[in-house]
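Worksheet: one structure, shown below.
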Amino acid sequence: MTGSRADIFEVVYKIPKGKVATYGQVAALAGFKANEARQVGYALAALSEHSAIPWHRVINAKGTIALKGGPDATQRIRLEKEGVKFGAGGKIDLKRFGWTPEEESA
DNA sequence: AGCCTGACTCCTA
DNA sequence: CTAGGAGCCAGGC
């Protein structure tokens, strides 16, 4: 974790299916300090649609989808397909779907 | 080469 | 609940 975009992608790539992580969580794991989430958002925004990165598993600190794509947001659709449920207001229950790096920290 | 924009988060009022 | 400000990087024109 040198604190570069590449690290962000690796962390995101490690997020297991059916789970989600917040920008701040990913940023922290990637080795970021301040302005954490910003760079994560920019990095993901800059990656290609064909990327192997499960960027849709990355959401904001409020537990809601970051990208605004409307009711047909690709991010939300993909998450629902993976088993992630959205509550009222499109909020995800981080208590249930929040990714815990500890189980992957092996 | 420079300027503008954008998928965040936190704090305070 | 909403509104505003600070702090960072990369891509597109």
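The chains referred to below are lettered A, B, ... by the order of the sequence lines, with proteins before strands, and numbering in each begins at 1.
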Practice task
Do nucleotides 2-8 of chain C as a string where each nucleotide becomes B, S or -: B if the base has a protein heavy atom under 4.0 Å, S if just the sugar-phosphate does, - if no protein is that close.
Solution key: -----BB
Practice task
Could you tell me which non-hydrogen atom of R5(A) sits nearest to which non-hydrogen atom of A43(A), and how far apart they are?
Solution key: CG-CB, 3.9 Å
Fill in the blank from the handout: Here the pair of heavy atoms bringing Y23(A) nearest to A37(A) is CB-CB, 3.7 Å
Practice task
Check L94(A) against I59(A) and note the closest heavy-atom contact, atom names and distance.
Solution key: CD2-CD1, 3.6 Å
Completion exercise
Separation of dG6(B) atom C1' from I65(A) atom CD1, nearest Å, is 17 Å
Handout entry: Atom pair distance, as rounded to whole Å: CG in L79(A) and C1' in dA7(B)
Key = 13 Å
Practice task
Answer with yes or no whether the hydrophobic clustering places Y42(A) together with I65(A); edges join I, L, V, M, F, W, Y residues whose side-chain heavy atoms lie under 4.5 Å apart.
Solution key: no
Problem - Gap between atoms CD1 and P, on I8(A) and dA7(B) respectively (whole Å) - result: 16 Å
Handout entry: Among dA7(B), dC10(B), dG11(C), the one nearest A61(A) by side-chain distance
Key = dC10(B)
Exercise for the section: Check the distance between dA10(C)'s P and W55(A)'s CH2 and give it to me in whole angstrom. Expected result: 21 Å
Fill in the blank from the handout: Residue pairs meeting salt bridge (charged side-chain N to carboxylate O under 4.0 Å, His left out), one or both in residues 81-97 of chain A, sequence neighbours left out, come to R57(A)-E82(A)
Problem - Value in whole Å for how far the P atom of dC9(C) lies from CZ of F32(A) - result: 9 Å
Handout entry: Touch class at under 4.0 angstrom, heavy-atom based, for A45(A) against every strand present
Key = base
Practice task
Could you tell me whether K14(A) and E10(A) make a salt bridge, using a distance below 4.0 angstrom between a side-chain N and a carboxylate O?
Solution key: no
